[in-house]
Amino acid sequence: MSGYLPVLIFAAFIVGFGVVSLAVARLLRPHRPDDVKLANYECGAEPIGSAWVQFPVGFYLVALVFVVFDALAVFLFPWALVLRAAGMGAFWVMAGFVGIIGLGWLYAYREGVLEWK
Amino acid sequence: MTSSPVVWQAIEAFVVLNALLVLVAYVTLLERKFAARMQSRIGPYYVGRPHGWLQPIADALKLMLKEDVVPTASDRGVYNLAPIVFLVPCLLIFATIPFAPELGVADLNIGVLFFLAVSSLEIVGLFMGGWGSNNKYALLSAMRAVNQIISYGLPFIFVALVPVLLAGSLQMSAIVAAQQGLWFVAYPGLGQLAFVLFLVAALAAENRVPFDILEAESELVAGFRVEYSGMKFALIQLGEYAHMLGTSFLGALLFLGGWSGPWPAWFGPIAFLLKAVGIFLLVTWVRWSFVRIRVDQILAISWKLLLPASLVLLLATGFVVALRGAGGA
């Protein structure tokens, strides 16, 4: 795992950069708030109500289809690494698996899940 | 490299991060100059005559001195945390990219997987920003962004696996080594198709025109960052450009052979940088040439065209690789 130590150090430096630059800006910048300035921006009109409302279900359908293919991607990574050694057998297994997922894709297509309404 | 002392690793990470920040800052200047020239303008000029070469520094200083406005209606914790949550994955993707042989933060044996996994984390910060603002434009933009990024993340992953298949490794340096003879973009048939698909998916994953519905100026003002000002805005912009540049580096590495090519070894890293900036300029060129397309068109392109096309391409590559077996690609 020692190979991941530089990654951690790098991540720590990035967080440090973000925090330090925000802190420095806090020391330098002016602070003159007023009610109108702190209202949400809606092109000059007075904001009506909260933005936290219910959302169309279409977004969740896309997310569901995404999860299916994301699971496929998980299996593709190790497959891609060993394919050369494993040969045609491994190829046909994955082709079959993608075929099954493909049927699911076809079903989603015909049910109109992939249409944005 | 992995056995070197912690201090040395820290110094290297620090140098890489600073070099990246400077590079990203100047890439924004490059884009502005390039866009200006496309529109017969001059672009930044007066700050650092004659070509505005001090402009990025002036911008950073200006944003640092600007007042920070936190809307009263916002969810303060989420709102304040979002810029950093957004910035970290956008810069962390560079961790596994070797800029030259043996020069990089960490050449992990899962380099490509690390890049893809970390770069997909940016939507967390993005959505936090859009949700935390409690602004209708920002929230709409964030919803659109998540929708679009997860839709295009899939073809992006599948296409990025094509060079991985050809090289038989996820390690970035091994992928470059596999392209010493022939860049993968020149691989007959498969290489060109994969590169084109990669560019389209990258454009969408970076939310660039023609796929920039999430910041569509004419309808959503500035998208999820509409309420941000000052240094927080700067961090978000920085993250966005870093992500774009990182994807350009990945494209140059996966398809254009990284530092390999018909030149002496010392020119390799410079060539790698030029290739990455070349891809970045291509993206900029597209940005200033095409119009924005609609939400339903964007999703249709991804789910009905790019996704099946990239899967078929991946299987075709797998067929070739399995057929040639240990003979090598």
Side-chain angles (χ1 to χ4, degrees), chain A residues 2-7 9-11 13-15 17-19 21-22 24-26 28-33 35 37-43 47 50-52 55 59 62-63 65-66 69-70 73 76-77 79-81 83-88 90-91 94-95 98 102 105 109 114-117, chain B residues 2 6 9-10 12-14 16-17 64-69 71-73 83-84 87-88 91-92 95 105-106 108 113 134-136 139 143 147 150-151 154 157-158 161 164-165 168-170 221 226-227 230-232 235 295-296 299-300 303-304 307-308 311 315 318-319 321-323 325-326:
Chain A
S2 67
Y4 290 83
L5 187 64
V7 178
I9 297 173
F10 191 55
F13 274 129
I14 297 169
V15 175
F17 163 74
V19 171
S21 55
L22 284 178
V24 171
R26 194 188 181 89
L28 294 176
R29 69 187 177 217
H31 182 63
R32 286 187 285 275
D35 280 353
K37 196 189 273 178
L38 293 184
N40 268 323
Y41 177 72
E42 282 189 18
C43 299
S50 165
W52 297 327
F55 258 85
F59 287 108
V62 172
V65 185
F66 166 78
F69 283 94
D70 214 27
L76 281 172
F77 277 97
W79 174 76
L81 291 183
L83 182 62
R84 185 159 304 166
M88 285 311 276
F91 170 76
M94 186 49 84
V98 171
W105 176 81
Y109 197 141
L114 307 182
E115 305 287 336
W116 188 251
K117 287 182 279 288
Chain B
T2 50
V6 176
Q9 287 171 345
E12 192 172 19
F14 188 74
V16 167
L17 178 61
M64 200 159 237
L65 296 173
K66 286 287 175 193
E67 184 173 354
D68 181 50
V69 180
T72 10
I84 293 193
L87 178 74
V88 171
L91 281 170
L92 195 59
V105 175
L108 299 181
L113 178 62
N134 195 3
N135 180 303
K136 285 146 199 148
L139 186 57
M143 290 298 276
N147 206 3
I150 65 172
S151 297
L154 290 170
I157 292 172
F158 297 149
L161 275 174
V164 170
L165 258 177
S169 174
L170 283 167
V221 207
V226 58
E227 293 289 2
M231 204 57 209
K232 286 176 193 153
L235 290 186
V295 182
D296 60 322
L299 290 179
W303 289 107
K304 295 179 182 171
L307 181 73
L311 264 179
L315 281 181
F319 186 75
V321 169
L323 203 63

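Just so we're on the same page: letters track the sequence lines, and every chain starts at 1. Everything quoted here is computed from the prediction, not taken from an experiment.
- Of the two parts of B:Leu311, only the side chain, counted from C-beta on, holds a non-hydrogen atom closer than 4.5 Å to a non-hydrogen atom of chain A.
- With chain A as the partner, the residue from B:Ala300, B:Ala10, B:Ser151 showing the most heavy-atom pairs under 4.5 Å is B:Ala10.
- With a threshold of 4.5 angstrom between heavy atoms, A:Ala73 approaches chain B through its backbone and through its side chain.
- For A:Val98, the part lying under 4.5 angstrom from a heavy atom of chain B is the side chain only.
- No more than 12 heavy atoms of other residues, nucleotides or ligands shown are found within 6.0 angstrom of CZ on B:Phe14.
- Of all the heavy atoms in A:Arg84 and B:Leu165, the pair that sits closest is NH2-O, 3.5 Å.
- The minimum heavy-atom distance linking A:Met88 with B:Ala322 is given by the pair SD-CB, 3.5 Å.
- Nearest heavy atom pair, residue B:Val105 against residue A:Val7, reads CG1-N, 4.3 Å.
- If you measure heavy-atom distances from B:Leu113 to chain A, the contacts under 4.5 Å come from both the backbone and the side chain.
- Put simply, CZ on A:Arg29 and CG on B:Leu65 are 11.0 Å apart, with the number rounded to the nearest 0.5 Å.
- Of all the listed residues (A:Leu28, A:Asp70, A:Leu81), the one sharing the greatest number of non-hydrogen pairs under 4.5 Å with chain B is A:Leu81.
- Note that CZ of A:Phe10 is 13.5 Å distant from CD of B:Gln9, once rounded to the nearest 0.5 Å.
- Only the side chain of A:Phe91 has a heavy atom closer than 4.5 Å to any heavy atom of chain B.
- The two residues A:Tyr109 and B:Lys304 come nearest to each other via the heavy atoms OH-CD, 3.5 Å.
- When each of B:Leu154, B:Ile84, B:Val16 is checked for heavy-atom pairs under 4.5 Å with chain A, B:Leu154 comes out on top.
- The greatest number of non-hydrogen atom pairs below 4.5 Å with chain B, out of A:Gly102, A:Ala86, A:Ser21, A:Ala85, is found for A:Ser21.
- Of the listed residues (B:Val164, B:Leu315, B:Leu87, B:Leu299), the one with the most heavy-atom contacts under 4.5 Å to chain A is B:Leu315.
- To the nearest 0.5 angstrom, A:Phe17 atom CZ is 7.5 Å from B:Leu91 atom CG.
- Interface residue B:Leu235: only side-chain heavy atoms are found under 4.5 Å from chain A.
- In this structure, the side chain of B:Glu67 engages the main chain of A:Arg32 through a donor-acceptor pair within 3.5 Å.
- In this structure, CZ on A:Phe66 lies 11.0 Å from CG on B:Asn147, to the nearest 0.5 angstrom.
- We find the CD1-CG distance between A:Ile14 and B:Leu92 to be 5.0 Å, quoted to the nearest 0.5 Å.
- Heavy atoms of B:Lys136 lying under 4.5 Å from chain A belong to its backbone as well as its side chain.
- Taking chain A as the reference chain and counting heavy-atom pairs below 4.5 Å, the highest number among B:Thr72, B:Leu139, B:Asn135 is found for B:Asn135.
- Residue B:Ile150 comes nearest to A:Ala63 through the heavy atom pair CD1-CA, 3.8 Å, listed as atom of the first residue, atom of the second, then distance.
- When heavy atoms are compared at a cutoff of 4.5 Å, A:Arg26 does not approach chain B at all.
- Classified by interplanar angle (parallel below 30°, tilted 30° to 60°, perpendicular above 60°), the ring pair B:Phe158/A:Phe69 is perpendicular.
- Looking at A:Ala90, neither its backbone nor its side chain comes within 4.5 Å of chain B, counting heavy atoms on both sides.
- The nearest pair of heavy atoms linking A:Leu22 to B:Met231 is CD2-CB, 3.8 Å.
- Interface remark: of the candidates B:Ser169, B:Gly318, B:Gly230, B:Pro83, B:Gly318 forms the most heavy-atom pairs closer than 4.5 Å to chain A.
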